[in-house]
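Only heavy atoms go into these numbers, but all of them, side chains included; no hydrogens, no water, no symmetry mates. Naming convention: chains lettered A, B, ... in sequence-line order (proteins, then strands); numbering from 1 in each chain. Since the model is a prediction, treat every value here as computed from it, not as a measurement.
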Amino acid sequence: MTSRATLRRPLARRRDLAALPSEALLLERLRAGDEDACAAWVRSNAGRMLAVARRMLRSNDEAEDAVQEAFAQAFRALPRFEGHALLSTWLHRIVVNACLIRLRKRRRHAETSLDELLPRFDEEGRRLDVTGPWPRDALGDLEAKDVRAAVRAAIDRLPERHRTVLVLRDIEGWSGEETAEHLGIRADAVKMRLHRARQALRSLLDPHLSGRSAKCTGASPAES
Amino acid sequence: MHRGVTCRELIDRLHGLLEGELAPSLAARFEGHLAECRDCVAYLDGYRLTVWLARRAWQESDPAPADAPRALVRAILRELPDPNDPIGMA
């Protein structure tokens, strides 16, 4: 068993690397334990991986722990890395998996029901909670910091199973198949969770956005 | 007239409609409903905007790659495995 003392290394001396070497060379250096290459790779990816973990875990401390675990796993798995994807893509998946493991462990409490956030309908299938269109002339404001903060807060309120799918599909840009594979669920389950997550998010944002402008277009594409 | 297509049916299948996964005849019925129902048009607009907003929610607030906390980077580098360690070698 390798002792902790053996694993301890002095921090790589700071050296500005103008750019990381090519993938093949980088991989070779990482596998060889080249301190400069390892340090550069960590520094060039840690911030972005931390952002991914924060989006999934909603806790900065947990996110940092997950990223640290993920890098440790990545370095241990380097000998088995076959190069079918970019190193950064491969690392991204390891980080997401580390987050998913933490999320599964967390799920001891009853999840927030999504039902209250989904649209409701009468017996004839008409929506009950109609609040009118979101004003198109407020679109320019949608880049504002308070809107982004409201959107992030709303995403945080989603039940974890649905938030995870929304984050992986709409924010991380994973395909339905990739998401299904990593979550261990069927592709149609991913679609359903994503749709429900989007509906719930829309409900959470409606009070914030429907009153955002005094002017309401209200026009439909075709007046009967 | 688009018989049988309720707001509920359309909203429940909205994902499929937007992804182009519905059978053409069903998609046409849903498009017909949208042509007559301003509530569903408003819902669809809000749904699309919701997806757009979610994709942009973390822009500008994410740390740049170079801004990872130094303590985290140190902790990661401190745990680098010994490259001569045969554990894990294929």
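When every heavy atom of B:Leu77 is checked against every heavy atom of A:Arg43, the shortest pair comes out as CD1-NH2, 4.3 Å. Nearest heavy atoms, A:Arg152 versus B:Ala57: NH1-O, 2.7 Å. Scanning both residues, A:Arg202 and B:Tyr47, for their nearest heavy atoms gives NE-N, 3.5 Å. Heavy-atom minimum distance, B:Ala54 versus A:Ile171: O-CG1, 3.5 Å.
In this structure, chain A has heavy atoms under 4.5 Å from both the backbone and the side chain of B:Leu14. Only the side chain of B:Glu21 comes within contact range of chain A, with heavy atoms under 4.5 Å apart. Contact annotation for A:Gln199: both backbone and side-chain heavy atoms come within less than 4.5 Å of a heavy atom of chain B.
Distance alone, capped at 3.5 Å, is enough to place a donor-acceptor pair between the A:Arg148 side chain and the B:Arg56 backbone. Side-chain atoms of B:His15 never come within 3.5 Å of backbone atoms of A:Arg196 as a donor-acceptor pair (strictly under, hydrogens ignored). The backbone N or O of A:Pro133 sits nowhere less than 3.5 Å from a side-chain atom of B:Arg38 that would complete a donor-acceptor pair.
Taking 4.5 Å as the limit, some side-chain heavy atom of B:Leu72 sits within range of a side-chain heavy atom of A:Gln68. The closest side-chain heavy-atom distance from A:Leu201 to B:Leu53 is not below 4.5 Å. Put simply, the side chain of A:Phe121 reaches to within 4.5 Å of the side chain of B:Ile11, judged on heavy atoms.
The NE2 atom of A:His195 sits 6.0 Å away from the CG atom of B:Asp12 when rounded to the nearest 0.5 Å. Here the CG atom belonging to A:Asp170 is positioned 14.0 Å from the CH2 atom belonging to B:Trp52, to the nearest 0.5 angstrom. To the nearest 0.5 angstrom, B:Ile76 atom CD1 is 5.0 Å from A:Phe71 atom CZ.
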